[in-house]
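Have a look at the structure below, then the notes.
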2 protein chains.
Amino acid sequence: MFKKFKIPDATIGRLSMYSRYLSEADEKGITTVSSQDIAQATGVTPAQVRKDLAYFGEFGTRGVGYNSRELYTYIMKILGLDKRWSIAIVGAGNLGRALSKYKGFQQRGFDIVCIFDNDPKKIGKKLANINIYPLDQLEEKVKELKIDLGIIAVPASAAQEVADMLVGAGIRGIINFAPINVTVKENIILRRVDLAAQLEYLTYYLEETR
Amino acid sequence: MFKKFKIPDATIGRLSMYSRYLSEADEKGITTVSSQDIAQATGVTPAQVRKDLAYFGEFGTRGVGYNSRELYTYIMKILGLDKRWSIAIVGAGNLGRALSKYKGFQQRGFDIVCIFDNDPKKIGKKLANINIYPLDQLEEKVKELKIDLGIIAVPASAAQEVADMLVGAGIRGIINFAPINVTVKENIILRRVDLAAQLEYLTYYLEETR
DNA sequence: TAGATTGTTAATCGATTAACAATC
DNA sequence: TAGATTGTTAATCGATTAACAATC
């Protein structure tokens with residue numbers, strides 16, 4: 001698409017929020033929204049909204065605003081969400097199991113198509129109708145099922161190894177839920193989500209007043 | 001503690017990473033680490049490490065480095081993790097259930113002490129030995145069990161209402177997993193974690209090359 | 001002492017906000 | 001036309017990186 005220059009990571013996250021608001025507005029029959037409306041709903045400033053959108057083109061009409069449905073469609077396309085994506089989860093522990101059932105992914109165009117784990121008690125079983133395969137079938141299944149993205153939900157000690165396997169199988173986008181820094185070769189997109197660290201952000205601020 | 005001036009949010013997240021590396025190093029018997037070592041393990045620059053630490057004091061020895069265990073203890077104190085914190089999860093759906101069982105919280109000093117939900121089929125049951133109570137007992141239980149933090153794991157449509165209830169019950173730190181912007185009064189610490197948006201970050205970058 | 005590494009200041013880089021001309 | 005709101009430029013703010021004196 002129109003990625004002419006470097007766009008702030010934070011912008012990408014905000015586009016997700018904007019798109020959710022826009023689909024909601026569209027469903028409610030609100031055809032036109034202003035940067036002010038979007039800003040209010042998503043907790044940012046109107047200038048921020050306009051700036052974020054300006055990176056990708058001109059989507060509005062001066063004096064009027066944006067067409068909700070149109071802008072929604074544009075943003076979804078920018079995010080690559082005009083098509084569905086297939087995902088593999090590695091690790092069938094608590095977190096892996098929860099993510100495999102999480103409705104929020106389906107709604108945004110993500111299909112969890114298989115799960116990998118090394119526990120013989122889990123292999124061959126199904127989870128929310130998704131097959132659990134052993135790790136040594138990872139490459140094979142990734143190719144067979146045309147999996148696009150990988151989610152690492154194994155303990156920290158196994159995370160790097162799993163990342164290597166995913167990359168080796170040809171996967172180019174990974175979310176790592178293990179609380180450890182994992183490295184991958186260039187041009188692989190890796191994102192770390194540390195759930196405990198989110199709570200620690202809260203305790204950092206509350207610590208002195210408890 | 002020593003919060004003399006505004007500290008970047010990103011610094012707090014990095015402190016979490018540093019502390020994990022330091023405890024690992026200490027366990028391995030590595031008594032002294034350099035900013036270089038910490039940086040390499042956590043994927044940042046040595047200058048960044050030193051800068052982050054400098055916000056809070058002088059913890060190292062020039063020409064030598066940092067004592068792993070000592071620095072670990074300092075950072076854990078900065079993050080407020082020198083004591084345990086009690087957490088309530090609101091929403092006993094897939095995500096809420098997974099979070100209630102997630103081992104990663106326990107390890108960092110967080111105790112999930114109760115779950116709230118409005119589904120009569122769930123109320124009164126236990127989940128990983130944690131009681132599920134109806135939402136209308138939220139305030140009562142929060143006070144009785146001295147709950148510090150709340151996790152919102154309900155659908156977007158209920159998130160604001162739940163946030164209001166948590167704040168009304170005296171909770172001052174909230175993680176919101178619902179994909180919607182929730183507002184709370186000043187001096188309540190709120191953090192939003194949007195799992196689908198994490199995947200969308202990947203697809204944004206991969207979209208053009210798929 | 002020479003080598004190593006911190007703590008801190010200054011320089012750079014990047015992102016957000018403010019302001020306003022363009023234009024519906 | 002007058003009022004509203006975008007798109008864009010310039011100003012501001014904040015965070016990261018580089019450099020180096022201090023010091024073990």
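Order of the sequence lines sets the chain letters (A, B, ...), proteins ahead of strands, with each chain counted from 1.
Per the geometry, CD1 belonging to B:I38 stands 12 Å off C1' belonging to C:dT5, to the nearest Å. Atom CG of A:N67 is separated from atom C1' of D:dT6 by 15 Å (rounded to the nearest Å). Remark: C1' of D:dT6 and CG of A:D37 are 13 Å apart, rounded to the nearest angstrom. Atom pair B:R62:CZ and C:dT5:C1' shows a separation of 9 Å (rounding to whole Å applied). The interatomic distance linking A:I7 (CD1) with C:dA15 (C1') rounds to 13 Å, in whole Å. Whole-Å rounding puts the A:F59 CZ to D:dT6 P distance at 14 Å.
By the 4.0 Å N-to-carboxylate-O rule, B:E24 lies close enough to B:K28 to be salt-bridged with it. Note on B:D148 versus B:R172: no salt bridge recorded, every NZ/NE/NH1/NH2 to OD/OE distance being 4.0 Å or above.
Side-chain proximity of B:T45 to D:dT17, C:dT16, D:dT5: nearest is D:dT17. Listed candidates were D:dT16, D:dT17, D:dT6. Nearest to the side chain of B:A47 is D:dT17. With C:dT16, D:dT16, D:dT8 as the choices, the nucleotide that has an atom nearest any side-chain atom of A:P8 turns out to be C:dT16. Considering only side-chain atoms of A:R14, the nucleotide from C:dT16, D:dT6, D:dT8 that sits closest is C:dT16. Residue A:K51 has its side chain nearest to C:dT16 when only D:dC24, C:dT16, D:dG7 are considered. In this structure, of C:dT17, C:dT8, D:dT8, it is C:dT8 that holds the atom nearest to the side chain of B:R50.
The partner of D:dG14 is C:dC13, by the rule that a Watson-Crick or G-U pair needs both atom distances under 3.5 Å. The partner of D:dA21, taking Watson-Crick or G-U wobble pairs whose two distances both stay under 3.5 Å, is C:dT6.
Each of A:E58 and A:G63 was matched to the nucleotide of DNA chain D holding its nearest heavy atom; the match closer to the 5' end belongs to A:G63.
Listed pair B:Q36 / C:dT5 fails the phosphate criterion, with no side-chain N or O lying under 4.0 Å from OP1 or OP2. Residue A:Q48 places at least one side-chain N or O under 4.0 Å from the OP1 or OP2 atom of C:dT17. Phosphate proximity of C:dT6 to B:S35: present, with a side-chain N or O under 4.0 Å from OP1 or OP2. Between B:Y55 and the phosphate of D:dG14, there is no side-chain N or O to OP1/OP2 separation shorter than 4.0 Å. Between C:dC24 and A:T61, no contact under 4.0 Å exists linking OP1 or OP2 to a side-chain N or O.
In this model, a donor atom of one side chain and an acceptor atom of the other lie less than 3.5 Å apart for A:D37 and A:S34.
By the 4.5 Å heavy-atom criterion applied to side chains, A:T31 and A:Y66 are not counted as neighbours.
In this structure, A:T11 reaches neither bases nor backbone, as no heavy-atom distance under 4.0 Å exists between it and the strands shown.
Aromatic rings from B:Y102 and B:F105 are positioned such that their centres are separated by under 6.0 Å. The distance between the ring centers of A:F59 and A:Y74 falls below 6.0 angstrom.
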